Amino acid sequence: MRYAMVIDTLKCVGCSDCVVACQTENSVPVGYCRDWVTESVSGTYPTLELELKSERCNHCDNAPCVRCCPTGASHIVKGGIVLVIGDECIGCGACIESCPYDARYQHPDGYVDKCTFCHHRLEKGQLPACVSVCPTKCMYFGDLDDPNSEVSKLLKRRKHKTLAPEAGTKPNVYYLI
Amino acid sequence: MQQEEIFISGRNIPHIDPTLEIWHWPISLYLFLGGLGAGLLFFAAIITVLGKEEDYPTTVKYATIIPPIALSLGLLALVYDLTHPLYTWQLYTTIRLESPMSWGAWVLLVTTPLSFLWVFSYYSELFPKWKLKFNFLNNFEKLLKKNRKNMAYALIPLSIILGIYTGILLSAFNARPLWNNAILGPLFLTSGLSTGAATILLLAKTTKERHLFSKIDLLLIIIELGLIIHMIMSMAAGSEVQLEAMQLLIGGEFTLMFFGFVVILGLIVPAILEFTEIIGYKVPVAVPAILILIGGLVLRFVMVEAGQITRYLY
Amino acid sequence: MKGIKDKYGAESMALLKHGSPGSHLEHLFKAYGSDTIAEPAYAQCRGPRETGFGLTFGAWVGSPEPTDIRDTKCLVLIGSHIGENMHNTQVQEMSDAIDNNATIITVDPRYSTAASKSKYWLPIKPSTDMALLLSWMHVLIYEDIYDKAYVEQYGFGFDELKEHVRSYTPEWAYGITTIKPEEIRKTARVMAAAAPSVIVHPGRHVVWYGDDSQRSRAIAILNGLLGAWGRRGGFYFKEKIKIPTYPHPPFPQPKWGWEELGEKYPFAEMGITNEIVQASIPKKDQKYPIKAWFIAGTNLLNTIPQHKIIEKAIDSVEFIVVVDTMPMEITGYADVVLPECTYLERYDGIRSATNREPSIALRMPAAEPRFESKPAWWIAKQLGERLGLHDYFNYKDFKEVIAWQLKQLGTSLEEMEKVGVKKFKRKSGPLFLKEGQPYEFATNSGKIEFYSTELEEKGFDPMPIYTPHNEPDQGFYRLNYGRSPMHTFSRTVNNPNLNDLMDENKLWVNSKVARIEDLKNNQEVWLENQDGIISSFPIKVRVTERIRWDSVYMYHGFGHSNKKLSRAHGKGASDTQLITKVTIDPLMGGTGMRGNFVKILTENPHKKEIVS
Ligand code: SF4
Ligand code: SF4
């Protein structure tokens, strides 16, 4: 099993509902966030392009944060989800330094926190909170090892990219473009 | 052409945005003290293995009081910068070779006590006034004295690993283009050795010892300058993000610190002074030595801070 | 309220409202004897489009819009920023349309989110939309690509229209709109090719330049030419369930009300808030004097332009009650504040939405109300009891009303608590017209009126014409505003989570303008409008290519001045404060607000005042 998220940038409107959903679902303290929305504008008026996308931990196959963690607090579980065990984390910050996406942060309680792909919801057969609330339904979640999953099919059919592939992390969040 | 790249969901996470500020001065200090301790231990061990203790008493004896203090302070600084310090013991529940932080912690765990033992082996010579009260301590000192060579054999690799580690801790991070180059390990090792040599220079009492370490230091400075040039050249030939990283050093907010304090005041000026002294002019050796120490410290600060600004996205 | 009734008559007490609390209070007001009721959502927002479409198709657009965006082949947005305007069904369906590869055409001087998702973005010169619409008609008619069968069967006054738009060529429009004639032709052809599965969207906030009902008419006419009304992928025939009225004695007949207050505007179909505000300032021989306000769920000061007039009215009225969930600017002016609990803490009237399939939704509490806040139904009932209107509130708990209504509808509170939303079968006939199906539109002629007989009767232009609007003077920029997708009007800026997403608005400035005015990103500036009104708070600059050089843009709803809004206070600038000039729509009284111009000040003007 290899979980992946596929996000259609052509549909995202940048409302940030995904961000609030995550903050509420995961009790992320106000002022922090596990996912966020970016806007990139290119061109000059009136020949312009705009890309909106919801970003988060990429649950990389080749996760530098897991490799550099001195205690094993950062680890990978079934489906390729990268998790942090708060009680094993010393808060050294190595994983934060190692992440090219700046997807991790220091929780005010000291340990390092990040997106979990809503692991606790997946276990109950639910979708990640962000995916489930998006009004444009621009986010898809599923198993890349299953060729019939929606995510596999979308990636087969549509042009896509990952973020900062040159960092060599092999991300599992894909963007349809 | 990319015009704007912005967060629209108001992301402004403490210490993460707009640029990373996860590692602060304690980490720079830690890297500096680790390098300094490593350098001093390395020279002490080498001289001991070569059997030249009598000729270079500062190196093997007086200067070695510094490493245990430096390493302990360094460790304290590291723990001080942890955000979940009560769980520090978790470091020693596992060894993770892929994590420099992990093996660094282990190397320190071995080296620091060893550095204490080393000093203890010279206890009666270093502190002739304060006699050891207990017999078993006296016996212990004797035992250590006998094993000094063995300790030296262990310390040579350990100090080299420690010195390299201070660089690799940063260079292992692919995500920070400024850090991510193979030269940082050797550079920090050389700089650590150079600060060690400078410290010995500062404390040495005989012209012989001073001259030797002036020469060693000069050599190290030349290597270090070479490494810095190499690092900048390789970044200049690198990807866009690396170019941006290089820009921070050669034409950005860190240029003055880097070229002023590290390259010119911390390397070139001391090199000239040391050279002058070697060819026979009288130069107060304290001046180049102190300049080198300051340069070494500033190098760590610049690299740690500037490195955290460099990034792939946003 | 008793005092006002005794002294001036119940009619002199006005209700200004928005959203859910409105219906409960409206009930109270009608029982009390006042029909002096208005909501800013009409004359400050979508009123003109209802008039425009009403005059053309004999039907309001209404909310939610009966646009079949989901299945359309071509969606045309005129200054409508779906995606930033988060009306949920519209956003959801636009996303479906993108999935279905629909062509989107967006007309907007700003590169809006919707524009970025469009195949054709027409960066029009602000205030010239009418010229574009007329030239589109010209192309459709003179290239003979309009829906002939449809127009023939359902249209009225086509020949007059044809004659009317003869001279409105794309070349003519180019000089006005700056949109190239080829672009105008191409987009008209794209629409025609997709027709009748095409929607020229009526928009929502359409009070722009004062000729807004006429512009909405033009949009309606285009839809008529394309045969989109009553067609799949165009506009469907909406249907909703009528919620039975809980028994109560008949309401007394007020002597006057919103209709009389808006009598100058023959096509006003709802109360005009700004007329009520005007009528609150005492004048000689006033027929319809207003003496007190009851305000619910609308932060009037961030809703109604022309602060000077509002402030004068506030000073004049004898009494102001405000029902709201949070401290707002307007609560600071109230004699009495009645704190309302939020929608998650109360029962509300059953929601019955107009949609493809009629449906009802139960609105029930998810949590207990906090502090002393109470649901609006409770507030209305308590006031009613004290006003001796018990018979109109013949229940202990509003739940009883809901239970009774649901029973009439053949369901029950128990069932609805489980399912939440219940759909019903359509009864009014199919969603779309069958080919050739006879259909009577509720207009004078029973047809789609390209030529409006009603407008002619009342002495207005029976077909829309282009009138040039004011343009900014040297050094001024047109102030455009719109919605941030994170916030609901000005009402949510203090919510901790939403404030975290966006705590201030920024002034969008084209990079050319930034160069001329020497502005940098995130630099704080102040704005001064054509009437010398200066923004109370600074606003940060966003240098962006997404905006035309002749206008600036900001999100609506920021720059709060009430200190009790601890997170929102002083953050960003208020667009409403700078809208001091309005152009009134002569048809229905809407307040056109896009004719305000601002100068960018880089020095703090408020500091200077203190010094001198
Ligand atoms: S909720 Fe959906 S549309 Fe809104 S920002 Fe997130 S991904 Fe984009
Ligand atoms: S901060 Fe915690 S999770 Fe991250 S590397 Fe250090 S110990 Fe591991």
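Throughout, a chain's letter reflects where its sequence line sits, starting with A, and its residues are numbered from 1. If you're wondering where the values come from, they're calculated on a predicted model, not measured in any experiment.
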Distance-only, no hydrogens or angles: does the C:D500 side chain make a donor-acceptor pair with backbone N or O of A:G31 under 3.5 Å?
yes
Gap between atom CG of A:L48 and atom CZ of C:R110 - 0.5 Å precision
12.0 Å
Looking at side-chain heavy atoms only, is the closest gap between A:Q23 and C:N497 below 4.5 Å?
yes
Please report the shortest heavy-atom distance between C:M486 and A:S16, naming the atom on each side.
CE-OG, 3.3 Å
Would you name the heavy atoms of A:K11 and C:S95 that are closest together and state the gap between them?
CD-OG, 3.0 Å
Answer with side chain, backbone, both or neither: which region of C:I547 has an atom nearer than 4.5 Å to a non-hydrogen atom of chain A?
backbone
Spatial distance of atom CG (C:N85) from atom SG (A:C15) [nearest 0.5 Å]
12.0 Å
Interface moiety of C:N499 toward chain A, non-hydrogen atoms closer than 4.5 Å
neither
Of all heavy-atom pairs between C:M86 and A:V13, which one has the smallest distance, and what is that distance?
SD-CG2, 4.0 Å
Pair C:R542 + A:E39: basic N to acidic O under 4.0 Å:
yes
Near C:Y343 OH, under 6.0 Å, is it more than 12 heavy atoms from other residues, nucleotides or ligands?
no
For A:G14 versus C:P485, what's the shortest heavy-atom pair and its separation?
O-CG, 4.1 Å
Can you give me the closest heavy-atom contact between A:V30 and C:P496, atom names plus distance?
CG1-O, 4.1 Å
Heavy-atom neighbours of A:E49 CD exceed 12 at 6.0 Å:
no
If one checks every heavy atom of A:L52 against chain C at 4.5 Å, the contacting part turns out to be side chain
Compute the centroid of each ring, for A:Y45 and then for C:W121, and state whether the two points are separated by less than 6.0 Å.
yes
If you count every heavy atom of other residues, nucleotides or ligands that lies below 6.0 Å from C:E182 atom CD, does the total exceed 12?
yes
With heavy-atom distances below 4.5 Å as the criterion, would you say the side chains of A:L10 and C:D99 are in contact?
no
Does A:R158, at its CZ atom, have more than 12 non-hydrogen atoms belonging to other residues, nucleotides or ligands within less than 6.0 Å?
yes
Quick one: pull up NZ in C:K117 and OG1 in A:T136 and give me the separation to the nearest 0.5 Å.
7.5 Å
